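This structure is a prediction, so every number in the text was calculated from the model and none was measured. Chain A is the first sequence line, chain B the second, and so forth, proteins listed ahead of strands; every chain is numbered from 1.
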Amino acid sequence: MEKFDAIVVGAGPSGNAASYTLAKAGLKVLQVERGEYSGSKNVQGAILYAKSLEKIIPNFREDAPLERHIVEQRLWMMDDKSHCGTHYRSDAFNEELPNRYTIIRAQFDKWFNRQVQEAGALVVCETTVTELARDASGKVIGIKTDRDDQIVYADVVIMADGVNSLVGQRSGLRKEIKPEHAALAVKEMHFLPREVLEQRFNVKDNEGVAIEALGTVTMGLMGTAFLYTNGESLSVGIGCLVSDFRDHGTSPYVMLERFKKHPSIAPLIEGSEVKEYAAHLIPEGGFNAIPKVHGDGWLIVGDSGQFVNAMHREGSNLAMETGRMAAETVIALKTEGKAPTEANLARYRKALEDSFVMKDLKKYRKLPEIVHKNRQFFTTYPELMSKAAETWFRVDGVDKLQKEKEIFRTFRNGRTLRGLIGDAVKIARAWR
Amino acid sequence: MHIVVCIKQVPDSAQIRVHPVTNTIMRQGVPTIINPYDLFSLEEALRLRDKFGGKVTVLTMGPPMADTSLRKALSMGADAAVLLSDRCFAGSDTLATSYALASAIAKITETEPVGMVFCGKQTIDGDTAQVGPGIAKRLELNQLTYVERIDAVDETARKITVERRAEGGVQVLSTSLPCLITMLEGTNVVRRGTMEDMLRAARTEIPMWSAAKAGITDTALCGLKGSPTVVKKVFAPPPRKEKAKQIDVTGKTADDIAAATLNALFAADARLEETLFRQAGH
Amino acid sequence: MTEAKPAPAAAPARGKMKVELSDHFKTYKDVWVFIELERGQVHPVSWELLGEGRKLANKLGVELAGVVMGAPGDSADAAVAGAYEYGADLVYTIQDPLLADYRNEPFARGMTDLVNTYKPEILLLGATTLGRDLAGTVATTLKTGLTADCTEMAIDDDRSMGATRPTFGGSLLCTIYTLNVRPQMATIRPRVMSMPDREAGRTGRLVVHSLGMQEDSIVTKILNYIPDASKEDAHLAYADVVVAGGMGLGKPENFKLVKELASVLGAEYGGSRPLVQKGWIESARQIGQTGKTIRPRLYIAAGISGAIQHRVGVEGADMILAINTDPNAPIFDFAHQGIVGDALTVLPALTETFRRHLAQKRAAE
Ligand SMILES: Cc1cc2nc3c(=O)[nH]c(=O)nc-3n(C[C@H](O)[C@H](O)[C@H](O)COP(=O)(O)OP(=O)(O)OC[C@H]3O[C@@H](n4cnc5c(N)ncnc54)[C@H](O)[C@@H]3O)c2cc1C
Ligand SMILES: Cc1cc2nc3c(=O)[nH]c(=O)nc-3n(C[C@H](O)[C@H](O)[C@H](O)COP(=O)(O)OP(=O)(O)OC[C@H]3O[C@@H](n4cnc5c(N)ncnc54)[C@H](O)[C@@H]3O)c2cc1C
Ligand SMILES: Nc1ncnc2c1ncn2[C@@H]1O[C@H](COP(=O)(O)O)[C@@H](O)[C@H]1O
């Protein structure tokens with residue numbers, strides 16, 4: 001079989017970013033995707049952060065299928081009956097080149113992949129890469145697929161095969177993802193007529209709203225829920241740590257149903273028609289979970305390399321960044337006439353460290369563990385906040401000083417003073 | 001032998017939804033697939049090619065994006081593809097479609113004589129089963145529809161024997177080539193291409209033929225103009241006025257429910273009991 | 001699901017494009033029904049079409065004709081007689097030994113000849129394997145429009161025929177017109193139209209036409225005919241009582257509950273498409289858009305959600321009884337009687353109750 005300069009496994013944001021960058025530079029690229037087409041198997045909320053894509057396709061806004069740009073962000077703490085939190089809405093988000101968009105991954109990925117093909121990469125779908133082919137020295141020399149026994153050769157293989165990365169595991173490049181390091185997210189698409197949607201969310205044209213929520217909706221499990229507005233639909237989902245689901249014995253579906261029935265959410269989705277239901281893992285182990293990302297003839301990018309910032313719900317942007325950086329490394333070596341050995345590919349690691357990708361992940365490296373060990377963030381606090389808000393806003397003839405005291409008391413009862421202070425310190429530290 | 005297989009790209013009807021408010025179909029995001037009935041014909045054509053040598057060309061008439069279906073057929077092992085696409089084809093009914101396809105096949109024949117044409121039994125969107133017979137008539141090909149099995153092909157004598165499904169039985173027919181075949185569903189399983197096929201399919205340049213390129217001089221026979229039928233109205237099936245009368249089940253045993261059901265049935269239709277009685281008698 | 005309101009005509013009214021019929025076509029009149037005679041048997045759909053053709057002919061104030069093609073002999077004569085009895089005013093017939101078995105060439109030739117000579121305004125055929133094979137060729141030869149698989153026919157004030165048929169897998173219906181060419185052709189599925197009453201002894205005029213072909217001019221030869229061992233499907237489509245199961249039955253073993261009830265009722269059994277796909281039942285037992293259309297007196301659907309593709313196949317039933325655990329299942333939108341309950345317990349109870357009831361009645365006779 002023939003030989004390529006590079007083979008990219010997977011056609012999610014990371015694989016597409018890598019393939020596009022490589023093909024644009026004139027390399028002979030083969031991209032292999034297991035799904036029927038790029039995007040067919042992909043699940044995401046989904047928010048697209050423009051910057052990372054801009055670096056790859058500067059004028060993407062001209063024809064990429066973007067749903068709405070976000071002008072309002074709500075952060076909600078929920079208990080069973082209520083929510084409180086912040087809304088931030090600004091007309092400044094109605095800028096010429098908006099910063100964040102909602103997208104429907106199936107369409108967006110398909111578009112992105114078309115750009116990849118137009119850039120000159122060969123894309124083969126409905127084909128699963130089963131393993132990496134290596135030579136006697138262990139150097140990766142190509143791939144094998146589920147179609148036949150043939151090896152397709154390449155100087156370098158970029159693994160962009162997502163959170164499970166079976167190829168990576170099977171080839172011993174990384175370990176199976178730990179249940180504590182992955183969130184299981186479920187998501188539904190709820191269709192609403194455009195006018196109804198815009199009325200409900202108080203938006204016009206292509207303006208959109210993103211809601212992130214945490215609290216008792218996750219029944220004490222570590223996770224968050226979300227609701228995003230697309231053009232004519234809402235993405236509604238919830239995700240919690242796999243280990244928590246396992247220990248708790250609840251199913252994500254049950255949780256999503258609860259979320260949808262919540263009095264703050266139900267009116268927003270009322271009368272909508274549910275079209276798709278999907279479940280997917282999100283790597284949330286953070287910095288400490290990142291495996292070795294390069295070796296002799298191979299690189300790992302995107303979710304496969306655990307590049308997700310759970311705190312800020314960033315994943316697809318990191319996927320694109322890492323995909324681009326991996327590709328740039330390969331291109332640079334090629335121009336310099338250097339072989340993609342482990343030593344030479346170390347430049348990729350360096351590039352990662354110099355970028356916001358690693359810097360951000362490093363900054364929050366302790367966060368997963370802290371939140372993990374401190375469930376009050378998902379149970380007590382949201383309840384307390386709601387309680388406080390209720391006490392504060394209810395006009396019932398109780399004097400205000402009394403009310404303040406009551407709020408303080410509920411906090412004290414919910415969590416000891418030391419606990420409260422300790423939590424603040426923990427979070428502050430993790431944030432630093 | 002050179003075999004042409006006509007395939008159509010269709011919306012996956014399993015995923016079509018009617019907009020609850022406007023009652024129009026929502027095509028947005030509805031994936032397209034190769035008309036599933038066409039795959040049985042494609043596979044049969046590939047088997048003949050594997051056995052006798054030759055070449056399989058897939059042909060479709062559709063919008064430029066229909067090339068994805070052709071590419072898919074290539075990845076399943078077809079050798080070449082032709083996309084027939086021209087604005088003047090828009091709005092074609094089966095008569096106009098068979099005209100355009102027959103013209104293209106005639107054009108293909110000019111360079112590489114076509115021994116057989118395969119069509120699907122029917123499409124899942126148009127669902128007419130007429131385009132195949134239409135092409136056969138226009139090209140004067142011997143027509144074999146609803147074929148369950150191809151028993152024998154004799155290339156030199158230009159003869160073919162097939163088993164054709166009829167109501168209540170199977171006809172064993174022989175005819176001469178060139179012929180047009182539509183395969184019955186479930187007669188084979190389409191193959192999965194090899195990695196070579198995939199690479200070839202991804203690389204193949206699919207020629208796009210305009211009406212002129214297909215040798216069509218009279219565009220009045222194409223598209224809306226060439227279609228004697230027009231769709232005047234599209235609508236969702238009207239819901240029935242009243243919903244089903246519910247038999248009260250609260251707190252009842254299955255036997256009570258059954259008894260209540262019989263009463264309700266016989267009360268609603270007095271003659272039903274008689275029908276059942278007669279019926280159950282034998 | 002939101003209740004779908006009847007659609008305000010969604011598609012642009014392309015009917016406006018209607019062109020005045022040319023004088024040539026104005027001479028076309030009468031409604032014709034192709035009487036499908038295969039191996040001595042008339043397909044019942046032909047009688048159903050005579051019933052429908054009658055209504056169209058009356059609306060147009062023209063005659064209804066049957067077209068009988070076959071080998072000379074008793075069965076052709078019986079088909080002609082049947083055509084009168086089911087309502088034909090006249091019958092065109094071509095009887096020739098070459099027409100003993102169906103083949104596209106001679107049948108298409110004979111049919112086109114008849115149309116060109118006697119000029120019908122409307123020509124209806126059954127949407128069977130034979131009817132579809134023939135209609136496509138005939139329409140292409142005549143360069144006229146053909147609407148396939150219709151479920152409803154109507155005549156507009158301007159005498160044109162509106163043929164309504166399901167499209168997009170049954171999710172939608174569309175009404176199709178043949179603008180400025182005649183005849184207007186349509187194929188109609190078996191069991192969609194109801195069977196008209198047979199008026200014994202009714203007769204009409206006979207127009208005999210000749211085929212004018214020789215065997216050696218027909219390329220396609222019939223080497224053999226292998227009749228199906230079981231003619232199951234014919235039973236299902238024409239059964240008076242049908243019991244069917246769907247995915248709600250849970251596992252293949254539970255399908256026996258359907259069979260048991262069917263057997264007590266002397267009914268035929270069938271199922272939804274997923275059951276066929278999963279191999280629980282044979283494909284001849286599939287009911288719906290891509291399976292059989294049924295028109296029984298009583299249809300019992302257990303654990304079937306009532307998807308549109310299923311619905312179009314059963315809507316003609318006089319009485320539909322649905323058993324489903326989900327009170328919001330779409331099947332309750334078109335069933336007549338509903339039981340919100342578990343099919344696995346309700347089916348055996350029904351079987352037992354019906355058994356007892358019928359036995360009592362038998363004893364009482
Ligand atoms: C519910 C949910 C909400 C999210 N919300 C956001 C958000 O709002 N914003 C954000 O930035 N991120 C979000 N993320 C994260 C984001 O989706 C991921 O970080 C991103 O998709 C990672 O891209 P990727 O290319 O690395 O992997 P994927 O997108 O998972 O792509 C991997 C691809 O590889 C293919 N593949 C896998 N194995 C093989 C194989 N063996 N052979 C061939 N192909 C293979 C797969 O089919 C897939 O197409 C969300 C994730 C989820 C699950
Ligand atoms: C092109 C096309 C053609 C098609 N043609 C056909 C066709 O000809 N015929 C056809 O049938 N389908 C057809 N389908 C499929 C159709 O869309 C539906 O998928 C199918 O009819 C669903 O079958 P079901 O009702 O058995 O299963 P489901 O939709 O899974 O429904 C099962 C039902 O059982 C109920 N249930 C569950 N447990 C129980 C219980 N214990 N007791 C009672 N009820 C229970 C559930 O509430 C549910 O309503 C076609 C689809 C396409 C795309
Ligand atoms: N636009 C088209 N392009 C290619 N083949 C077609 C097209 N339309 C119909 N066909 C072929 O004709 C068969 C019958 O189609 P239909 O008459 O629409 O049911 C299909 O299965 C295809 O093989």
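- Between the side chains of Gln143(B) and Thr137(C), at least one donor-acceptor pair of N or O atoms lies under 3.5 Å.
- From Tyr146(B), atom OH reaches atom OG1 of Thr129(C) across 6.0 Å, with rounding to the nearest 0.5 Å.
- Of the two parts of Glu36(C), only the side chain, counted from C-beta on, holds a non-hydrogen atom closer than 4.5 Å to a non-hydrogen atom of chain B.
- Classification of the Phe354(C)-Phe266(B) ring pair by plane angle, with boundaries at 30° and 60°, yields perpendicular.
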Problem set entry | CA sep, side-chain torsions, deciding dist, call: Glu167(B), Val45(C), side chain to side chain contact (heavy atoms under 4.5 Å, CB included) | CA-CA 12 Å; Glu167(B) 299 281 327; Val45(C) 70; over 6 Å; no

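- If you measure heavy-atom distances from Thr164(C) to chain B, the contacts under 4.5 Å come from the side chain alone.
- In this structure, chain C has a heavy atom under 4.5 Å from the side chain of Thr275(B), while its backbone stays farther away.
- With respect to the salt-bridge test (charged N to carboxylate O, under 4.0 angstrom), the residues Lys137(B) and Glu105(C) do not qualify.
- By the 4.0 Å N-to-carboxylate-O rule, Arg165(B) lies too far from Asp133(C) to be salt-bridged with it.
- Because its NZ or CZ atom is both nearer than 6.0 Å to the ring centre of Phe277(B) and within 45° of the ring axis, Lys361(C) counts as a cation-pi partner of that residue.
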For this session: Starting from the C-alpha separation in whole Å, work towards a yes-or-no answer on side chain to side chain contact (heavy atoms under 4.5 Å, CB included) for Ile226(C) and Val172(B).
Result: CA-CA 8 Å; Ile226(C) 311 156; Val172(B) 184; 3.9 Å; yes

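- Of the atoms belonging to Thr290(C), it is side-chain heavy atoms, and not backbone ones, that fall under 4.5 Å from chain B.
- If you measure heavy-atom distances from Gln122(B) to chain C, the contacts under 4.5 Å come from the side chain alone.
- For Ile339(C) against Gln246(B), the heavy-atom pair with the smallest separation is N-OE1, 3.7 Å.
- Smallest separation of non-hydrogen atoms from Gly338(C) and Ala244(B): N-CB, 3.9 Å.
- Contact of Thr261(B) with chain C is made through the side chain alone, with heavy-atom distances under 4.5 Å.
- Only the side chain of Leu321(C) comes within contact range of chain B, with heavy atoms under 4.5 Å apart.
- In this structure the side chain of Leu298(C) reaches within 4.5 angstrom of the side chain of Leu272(B), judged on heavy atoms.
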For this session: Show your reasoning for whether side chain to side chain contact (heavy atoms under 4.5 Å, CB included) applies to Leu223(C) and Leu173(B).
Result: CA-CA 6 Å; Leu223(C) 305 183; Leu173(B) 297 176; over 6 Å; no

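- Within the 4.5 angstrom heavy-atom criterion, only side-chain atoms of Glu274(B), from C-beta onward, approach chain C.
- Residue Ala129(B) comes nearest to Arg132(C) through the heavy atom pair CB-NH1, 3.3 Å, listed as atom of the first residue, atom of the second, then distance.
- Of the two parts of Arg164(B), only the side chain, counted from C-beta on, holds a non-hydrogen atom closer than 4.5 Å to a non-hydrogen atom of chain C.
- Shown here for Gln130(B) and Gly136(C), the closest heavy-atom pair between the two residues is CG-CA, 4.3 Å.
- Counting heavy atoms from C-beta on, the side chains of Val241(C) and Leu276(B) come closer than 4.5 Å.
- In terms of modelled atom types and a separation under 3.5 Å, the side chain of Tyr225(C) and the main chain of Gly169(B) share a donor-acceptor contact.
- Residues Gly134(B) and Thr140(C) share a closest heavy-atom pair of CA-OG1, 3.2 Å.
- Here the closest heavy-atom approach between residue Thr353(C) and residue Ala258(B) is recorded as OG1-CB, 3.1 Å.
- Heavy atoms of Leu221(B) lying under 4.5 Å from chain C are absent altogether.
- Heavy-atom pairs under 4.5 Å with chain C were tallied for Asn142(B), Asp255(B), Val249(B); the largest tally goes to Asn142(B).
- Ile176(C) pairs with exactly one of Val230(B), Thr229(B), Asp93(B) by the side chain to side chain contact (heavy atoms under 4.5 Å, CB included) rule, that one being Thr229(B).
- For Arg39(C), no part lies under 4.5 angstrom from a heavy atom of chain B.
- Looking at heavy atoms from C-beta onward, Asp156(C) lies in side-chain contact with Lys232(B) at the 4.5 angstrom threshold.
- Remark: side-chain polar atoms of Gln171(B) are paired, donor with acceptor, to backbone N or O of Tyr102(C) under 3.5 angstrom.
- In this structure the side chain of Val219(C) reaches within 4.5 angstrom of the side chain of Ser176(B), judged on heavy atoms.
- For a residue to count as touching a neighbouring chain, one of its non-hydrogen atoms must lie under 4.5 Å from one of that chain's; by this rule Ala136(B) does not touch chain C.
- Between Asn224(C) and Val170(B), every side-chain heavy-atom pair lies at or beyond the 4.5 Å cut-off.
- Thr161(B) touches chain C through its side chain: at least one heavy atom from C-beta onward sits under 4.5 Å away, while N, CA, C and O do not.
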